[in-house]
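Worksheet: the structure to be examined is printed underneath.
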Amino acid sequence: MSNSSMQRGQQWLKSLLELTGVSAEIQGDIEVAQPQDDDTPEPDNYWLTINETNLAPTQIQVLIGADGSVLDAIQYLANSVLNLNQPQEEQASYTIELNGYRVKRQAEIRALAEAAADEVRTFAREVEIKSLSSAERRQIHTFLKEFSDLETFSRGKEPHRHLVVRPAGEYESSPSQQF
């Protein structure tokens, strides 16, 4: 993936913020995707960090939103708009960060995944994790994929979709892993 994807993302986010009356610089960092076992390569992940130096605390709160809902919406728009009409090999994944919210939330998500895995192993029964965005469910699916004794899938329909962790092979047919 080229540096142009990063620059396009930074420019798009800066323009979006300016349309809302917020002037902020955008720092870009790349997280190179590790090759997976399957044939589908994961796109590189671009972290677009909104510099909060010149933002008021209320602006930061509004941009993050309740439980990160506004940041999630901006991130969804970025991934949709910036990948529109892009060939598969040029598509990228964008993570929008502000005030350390994503880093803190990732640590919380990892702790949730570890606690669910421990509970499944201890009691040999499935555990349902509620109140996750599709991106957060995907993070847990990815994190727990490395453990052969566990399997994950999503159950239900938005906005009541939950992630389920259970012992691997407990059931003959597993529902698909849709986020």
Side-chain angles (χ1 to χ4, degrees), residues 1-113 129 131-146 152 154 158-159 161 163 176-179:
M1 191 64 53
S2 70
N3 201 19
S4 66
S5 293
M6 172 92 70
Q7 291 170 342
R8 258 187 23 194
Q10 288 173 290
Q11 185 55 52
W12 178 86
L13 183 54
K14 186 174 178 62
S15 297
L16 179 73
L17 292 174
E18 286 173 352
L19 287 171
T20 67
V22 174
S23 179
E25 292 302 312
I26 309 300
Q27 170 68 42
D29 293 300
I30 186 169
E31 192 175 83
V32 179
Q34 300 302 312
Q36 300 295 318
D37 295 336
D38 57 11
D39 295 335
T40 310
E42 289 288 317
D44 290 336
N45 186 25
Y46 294 97
W47 278 69
L48 302 176
T49 302
I50 302 167
N51 183 333
E52 71 269 10
T53 306
N54 297 323
L55 300 180
T58 54
Q59 287 177 304
I60 293 170
Q61 287 176 333
V62 167
L63 285 170
I64 292 175
D67 296 322
S69 60
V70 175
L71 211 53
D72 286 347
I74 294 170
Q75 184 168 301
Y76 178 82
L77 280 173
N79 282 288
S80 297
V81 171
L82 293 168
N83 286 311
L84 197 62
N85 299 323
Q86 294 295 314
Q88 181 77 23
E89 64 276 3
E90 290 183 29
Q91 292 195 1
S93 176
Y94 295 91
T95 300
I96 309 299
E97 172 67 292
L98 173 60
N99 202 34
Y101 178 82
R102 292 280 184 224
V103 172
K104 286 179 243 169
R105 186 64 180 148
Q106 276 186 335
E108 291 170 1
I109 294 297
R110 188 172 199 87
L112 267 175
I129 305 172
S131 302
L132 298 172
S133 69
S134 64
E136 292 169 339
R137 289 192 302 271
R138 192 174 313 111
Q139 286 176 358
I140 291 180
H141 283 304
T142 301
F143 173 64
L144 294 179
K145 186 169 34 172
E146 66 189 64
T152 64
S154 293
E158 297 293 355
R161 196 153 171 83
L163 182 116
S176 64
Q177 284 191 2
Q178 296 179 352
F179 311 116

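Since we're looking at a predicted model, the values are computed, not measured.
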In Å and rounded to the nearest 0.5 Å, what is the OG to CD distance from S134 to E158? 6.0 Å
Answer whether the closest heavy-atom distance between the side chains of I30 and W47 falls below 4.5 Å. no
What is the distance from atom CG of N45 to atom CG of N79, rounded to the nearest 0.5 Å? 8.0 Å
With Y101 via ring-ring contact (aromatic ring centres under 6.0 Å, His included) - residues at least two apart: none
Listing request: all side chain to side chain donor-acceptor pair (under 3.5 Å) pairs with a residue in residues 57-71, at least two apart in sequence or in separate chains. none
Could R110 and E136 be called an ion pair, given the rule that one side-chain N must be under 4.0 Å from one carboxylate O? no
Begin with the C-alpha distance, continue with both residues' side-chain angles, and end with the deciding distance and a verdict on side chain to side chain contact (heavy atoms under 4.5 Å, CB included) for L63 and N99. CA-CA 10 Å; L63 285 170; N99 202 34; over 6 Å; no
Interatomic distance, Q10 atom CD to S5 atom OG [nearest 0.5 angstrom]: 11.0 Å
Near F143 CZ, under 6.0 Å, is it more than 12 heavy atoms from other residues, nucleotides or ligands? yes
Are the side chains of R8 and Q86 in touch, meaning some heavy atoms are under 4.5 Å apart? yes
CD of E18: more than 12 outside heavy atoms within 6.0 angstrom? yes
Evaluate the criterion side chain to side chain contact (heavy atoms under 4.5 Å, CB included) for residue pair N54 and S23; output intermediate values, then yes/no. CA-CA 8 Å; N54 297 323; S23 179; over 6 Å; no
Side chain to side chain contact (heavy atoms under 4.5 Å, CB included), that's the test. Do Y46 and D29 meet it? Break it down for me. CA-CA 6 Å; Y46 294 97; D29 293 300; over 6 Å; no
Looking only at heavy atoms, which two atoms of T152 and H141 are closest? And how far apart? OG1-ND1, 2.5 Å
Only one of I60, L55, V22 forms a side chain to side chain contact (heavy atoms under 4.5 Å, CB included) with I50, so which one is it? L55
Give a yes or no answer on whether the side chain of N51 reaches the backbone of A24 with a donor-acceptor pair at less than 3.5 Å. no
I74 vs L16 side-chain heavy atoms within contact, under 4.5 Å: yes
Tell me, do E97 and L48 make a side-chain contact under 4.5 Å, heavy atoms counted? no
Where do Y94 and G9 come nearest, in terms of heavy atoms and distance? CE2-CA, 4.0 Å
Rounded distance [0.5 Å steps], OG in S4 versus CD in Q11: 13.0 Å
Do I96 and L13 pass the side chain to side chain contact (heavy atoms under 4.5 Å, CB included) test, and can you show the C-alpha distance, the side-chain angles, and the key distance before you say yes or no? CA-CA 9 Å; I96 309 299; L13 183 54; 4.0 Å; yes
CG of L112 to CD1 of I129: how many Å apart, nearest 0.5 Å? 5.5 Å
Compare all side-chain heavy atoms of I140 with those of I109 and state whether any distance is below 4.5 angstrom. yes
In Å, rounded to the nearest 0.5 Å, how long is the span from CD of Q139 to CZ of R105? 8.5 Å
Among residues at least two apart in sequence or on other chains, which ones pass salt bridge (charged side-chain N to carboxylate O under 4.0 Å, His left out) with R102? D72
